[in-house]
Amino acid sequence: MNEENKNISDGSEERDDEERSLADEKLEQIKEIGSITAAGGRHCIHCMTVIGQIEGHQILPAQNKTTKYEHILPQLLAVEQSEDIKGLIILLNTVGGDVEAGLAIAELIAGMKTPTVSLVLGGGHSIGVPLAVSAKKSFIVPSATMTIHPVRMSGLVLGVPQTFRYFEKMQERINRFVSDNSNISSERFLELSRQTGELATDVGTVLDGEAAVREGLIDHLGSLSDAVECLYTLIENGDGIND
């Protein structure tokens, strides 16, 4: 092999090594934090998943499927600052979890200029509701459900008026955020959260995909292809602001 062919061969091997390294990094990214940056479509978009229970200040048992908010917050900052990533899609299948951690994630998403679209798959329950509506546009598949119920607290609870007022303020924060970022009124959202007869040993309402759209909680009924196409449209229209 002459020197020129040897150099070409070495260059090809280096590129192959780089491609393998990038592929390994993407697989590790999916494995560790359930996210990936996909550049194969019309635009480069980042996919972020919120699954299982949202873990906040308390570490949950190892057998629980969790989404750690300390993984999500830096991702959102990186997406917002990236020149290559043009949009963000959030895939949701969550039972809820830490209220303050969930609201923190939702507030960051709502404040992004990068076009964002959410898709509820399976369920978007409890604090998953603010997360679903935080994107510029929200979708839900027909078979998914969303559970709306009042704030709950675990651990030590003091039987004093201040405890009740704390619960009330937290509920007001959630109601205000949901009504500000969707087409449902704060009064209607509160009414759904206090309904009896829907949930065994609990209060609240379970909405399927069609009902969630009908109530104005979610923008559209659709699948992954619908959500991706909507995100592409937002990117191409330069739409980083809620309607």
Side-chain angles (χ1 to χ4, degrees), residues 25-37 46-81 85 88-112 114 116-135 138-141 144-158 163 166-167 169-178 181-182 193 199 201-202 204 206-207 212 217-218:
E25 285 179 13
K26 287 186 176 181
L27 287 172
E28 190 65 24
Q29 189 179 12
I30 296 171
K31 179 181 175 182
E32 291 298 322
I33 55 177
S35 69
I36 189 170
T37 300
H46 186 78
C47 172
M48 185 180 78
T49 58
V50 178
I51 58 173
Q53 194 165 349
I54 298 164
E55 185 178 273
H57 304 299
Q58 302 295 322
I59 297 175
L60 295 171
Q63 67 268 22
N64 287 33
K65 180 72 72 173
T66 62
T67 295
K68 300 177 186 296
Y69 85 118
E70 68 268 27
H71 288 172
I72 298 295
L73 300 185
Q75 274 190 72
L76 294 173
L77 176 61
V79 169
E80 181 76 343
Q81 292 296 305
I85 297 172
L88 171 69
I89 184 166
I90 305 112
L91 304 181
L92 286 151
N93 188 5
T94 177
V95 296
D98 188 290
V99 172
E100 289 191 343
L103 273 180
I105 297 169
E107 288 282 10
L108 270 189
I109 295 171
M112 295 175 72
T114 302
T116 54
V117 169
S118 65
L119 176 61
V120 180
L121 303 158
H125 308 304
S126 189
I127 200 62
V129 175
L131 285 167
V133 305
S134 64
S138 57
F139 285 78
I140 186 169
V141 297
T145 58
M146 306 185 79
T147 304
I148 303 169
H149 61 70
V151 173
R152 301 188 185 95
M153 181 180 286
S154 60
L156 180 65
V157 177
L158 299 178
T163 299
Y166 174 79
F167 273 79
K169 285 183 177 179
M170 183 66 75
Q171 191 65 57
E172 287 172 0
R173 288 167 60 191
I174 294 170
N175 294 356
R176 184 170 60 249
F177 182 89
V178 170
N181 290 276
S182 69
S193 72
L199 301 172
T201 69
D202 203 352
V206 179
L207 300 176
L217 191 61
I218 298 296

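Start at 1 with the first residue, then count along the sequence. Just so it is clear, the values below take in all heavy atoms, side chains as well, and ignore hydrogens, waters and symmetry mates.
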Please determine whether side chain to side chain contact (heavy atoms under 4.5 Å, CB included) holds for the pair I174 and V99, giving the CA-CA distance in whole Å, both sets of side-chain angles, and the decisive distance to 0.1 Å.
CA-CA 9 Å; I174 294 170; V99 172; 3.9 Å; yes
Tell me, do [X] and [Y] make a side-chain contact under 4.5 Å, heavy atoms counted?
X: H57; Y: E100; result: yes
X: P74; Y: L77; result: no
X: L92; Y: S118; result: yes
X: T67; Y: E55; result: no
X: D98; Y: I127; result: no
X: F177; Y: S134; result: yes
X: M146; Y: V206; result: no
X: M48; Y: L76; result: yes

Considering all heavy atoms, the nearest [X]-[Y] contact:
X: A132; Y: S138; value: O-CB, 3.5 Å
X: A106; Y: P130; value: CB-O, 3.9 Å
X: G102; Y: I54; value: N-CG2, 4.3 Å
X: G52; Y: T94; value: O-OG1, 2.8 Å
X: T116; Y: M112; value: CG2-SD, 4.3 Å
X: P150; Y: Q171; value: CA-OE1, 3.2 Å

Check the pair L217, V129 against side chain to side chain contact (heavy atoms under 4.5 Å, CB included), reporting the backbone distance first and the verdict last.
CA-CA 8 Å; L217 191 61; V129 175; 3.9 Å; yes
Between H46 and T37, do the side chains contain a donor N or O and an acceptor N or O under 3.5 Å apart?
yes
Side-chain donor-acceptor pair under 3.5 Å between Q53 and T66, yes or no?
no
Might you work through the side chain to side chain contact (heavy atoms under 4.5 Å, CB included) test for I218 and L207, ending with a clear yes or no?
CA-CA 11 Å; I218 298 296; L207 300 176; over 6 Å; no
In Å and rounded to the nearest 0.5 Å, what is the CD1 to CD1 distance from I105 to I90?
10.5 Å
Steps toward side chain to side chain contact (heavy atoms under 4.5 Å, CB included) verdict (H125, T145):
CA-CA 8 Å; H125 308 304; T145 58; 3.1 Å; yes
More than 12 heavy atoms of other residues, nucleotides or ligands under 6.0 Å from CD of Q58: is that the case?
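Incorrect, the count does not exceed 12.
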Of V120, L119, I51, the one forming a side-chain contact (heavy atoms from CB on, under 4.5 Å) with L91 is L119
